[in-house]
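A, B, ... follow the sequence lines: proteins, then strands. Residue 1 opens every chain.
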Amino acid sequence: MRALVHADRMLRSLAAEMNLPWPEKAVLEPPKDPAHGDLAANLALVAAKDAGCKPRELAERLAGRIRAAHAGPDADIASVEVAGPGFLNLRFSPLFHQRAVLEIEAKGARYGSSGVGNGKKTQVEYVSANPTGPLHVGHGRGAAVGDSLARILRFAGYDVRTEYYINDAGRQMNLLGLSVLLRAKEAAGLPVELPEDFYRGAYISDIARNLLAERPDLHALPEAEALDLCREYGMANILQGIKDDLAAFRVEHEVWFSERTLVRGGAVERAFGRLKANGFSYEKDGALWFATTGLGDDKDRVLRKSDGSLTYFASDIAYHNDKYERGFNYVIDIWGADHHGYVPRMRAAVGALGREREDFEVLLIQLVNLMSGGVPVGMSTRAGTFETLADVVAEVGVDAARFMFLSRKCDSHLDFDLELVRQRSMDNPVYYVQYAHARVHALLRRAAQEGVNLPDAVDAGALAPLDGPEDLALLRLADRFEDVAVSAAQKLAPHHISAYLTELAGLLHGWYAKYPVLKAGDAANVTARLALLRAVGRVLANGLELLGVNAPESM
RNA sequence: GCGCCCGUAGCUCAGUAGGAUAGAGCGAUCGCCUCCUAAGCGGUAGGCCGCAGGUUCGAUUCCUGCCGGGCGCACCA
């Protein structure tokens, strides 16, 4: 970040000084091959055309000016080279890189944070599974992504609220009530006929038995009342289970939003009014329709059916309208990928409510293939197979599960192999990263034991010994953490963080194998290397925090 | 039939608002502990970035068409 800002400012001012146009198309980025330097400025051909010269020539002229302006032992820029069709390769001095340690020490837990979100009021709604059964692995992936994303966005300066939408008003709830009642009858020895579509998980029978224990009078109640009781009891029970599972998974929702309160609060009518005012709704065949076709959807959708009841879509529109009425400017929904057909419709609705395209984002979470030793684990609920989130977490632990979920693009399929994730090896990057952090702290501990004193803040001069290629590579990568955090926030991509951490941990392990720290020989080396270690450890910890994964100090 | 996502090393996957010689881990293979945690490190082998066109100075990246895999297309939730 420092390097990029520094170089950008310098190049722009130089270009202005030389009366050259600085094209927006010019790319300033770390080259893929570090041998090319720390930063590459790619002057596109257009730039040269505007300037009336060849790109290489333009680059040479800039390089000359930079060399002239940045000479001497204290210079930030160590070298400038022109390569390829117009690449300006900048290499910063060791001194410049070493200062990254000072910034890390100064910012501590805030290192890598930024204000790019500008306090934007943002809502992340995730998991939102129907309270009809326990969370499964797929929900776990959505939970990890949503929670991590909230952390990442906050870190980047967004004002984030997290929310869980409880679908407690629909037909599914009645079905749940019926399922519980049937099982309760069964448990009481009454004759029952089990319909096709009811919830048949073992957890329903457990709930039914518990309810019966609390309310022995259940079967004496009028049918409707008994159904109500079963529904409410079942839902409360399952919802509590979901909350427990999420808490155990280190996932927190600040708001639990009930669909019922939405209907009762008149949100549906308000949303309908808004659509009508904007000219998007009409009556046909006794139903209320929403003209989504002109908004990117492939057909118009029904809001209120001819029998007077609302469609699911209608309450979803009302819900989203309510989100914007609550003051959120940026609404992020995290859905299972099987709902992808629903996205254009929702997007159309948000547009019809008068919101901009960028006010709404949907993140689709692809399915998780649960495997064990390369063999797919079936969807059955038989004992011994792990399909619920709670089972998987019990099996592999929170850290390993979260890191695994967050190490892939969320819209690609994920093979989650229990055997692999349970392994404490490099098959399983979470330990690799955690081990790097633990290593740092093991050394810091040992240093303290041996009476080596590392001040809380070192001065720049003490870092001078850090000039080997591995030192500089570590410093460079640590310095990029803010870039990575910002990009993860803007692209809604938590996996950038896990990839970055794996890379940083790799550099640290390599560095560790090559450089002795406490046995470095002279005191200056010991201090400099300890300071570097502590700084890298800080970056690892900050990154892991964004993933919601622990950073252990010993392993 | 229409639409969305995915095809990158033997395997699992990164990368791409167009840029230099396409990366990582695993697996394979050869090395490294009298020495701060070997849960580690270093080396080697491994690629028509699904195929074919197009745009461009330049395409794994953007566009079109195919092929292959997954998913969705209700006055269901």
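- For the pair A:F416 CZ and B:rU12 P, the interatomic distance rounds to 17 Å; values are reported in whole Å.
- The distance between atom CD of A:Q366 and atom P of B:rG72, rounded to the nearest whole Å, is 10 Å.
- Under the 6.0 Å distance and 45° angle rule, A:R439 counts as a cation-pi partner of A:Y512.
- Among B:rA77, B:rG72, B:rC41, the nucleotide with an atom closest to any side-chain atom of A:D338 is B:rG72.
- Ion pairing between a basic and an acidic side chain is recognised when a charged N comes within 4.0 Å of a carboxylate O; A:E232 and A:R260 show such pairing.
- For A:K305, whose side chain is taken as the heavy atoms from C-beta onward, the closest listed nucleotide among B:rA14, B:rG15, B:rC75 is B:rC75.
- A donor N or O paired with an acceptor N or O is found under 3.5 Å between the base of B:rC75 and the side-chain atoms of A:S306.
- Residue A:H339 places no side-chain atom within donor-acceptor reach of the base of B:rG72, judged by atom type and a 3.5 Å distance cut-off alone.
- The pair A:R476-A:D479 does not meet the salt-bridge criterion, since no charged nitrogen lies less than 4.0 angstrom from a carboxylate oxygen.
- Of the candidate nucleotides B:rC36, B:rA14, B:rA74, B:rC36 has the atom nearest to the side chain of A:L518.
- The distance between atom CD of A:Q434 and atom C1' of B:rG40, rounded to the nearest whole Å, is 16 Å.
- Side-chain atoms of A:R301 lie closest to B:rA74 of the nucleotides B:rA74, B:rC41, B:rC36.
- Taking atom C1' in both B:rU44 and B:rG72, the straight-line distance is 47 Å, to the nearest Å.
- Scanning atom types as modelled, no donor and acceptor separated by under 3.5 angstrom connect the side chain of A:H340 and the base of B:rC5.
- No donor-acceptor contact under 3.5 Å links the side chain of A:D316 to the base of B:rA77.
- Summarising the geometry, the separation between CZ on A:R408 and P on B:rG15 is reported as 11 Å, rounded to the nearest angstrom.
- In this structure, A:R439 places its CZ atom 15 Å from P of B:rC33, rounding to the nearest Å.
- The nearest whole Å value for the distance from the CZ atom in A:R345 to the C1' atom in B:rG3 is 12 Å.
- Between B:rA59 and B:rG18, the distance separating the two C1' atoms is 6 Å to the nearest Å.
- Both distances falling under 3.5 Å, in either a Watson-Crick or a G-U wobble arrangement, occur for no nucleotide opposite B:rA38.
- A salt bridge links A:R347 with A:E361; the closest basic N to acidic carboxylate O contact falls under 4.0 Å.
- The separation between A:F405 atom CZ and B:rU12 atom P is 19 Å, rounded to whole Å.
- The separation of B:rA74 from B:rG68, taken at their C1' atoms, amounts to 30 Å, rounded to a whole angstrom.
- Using a 4.0 Å cut-off between a side-chain N of Lys or Arg and a carboxylate O of Asp or Glu, A:K323 and A:E163 do not qualify as a salt bridge.
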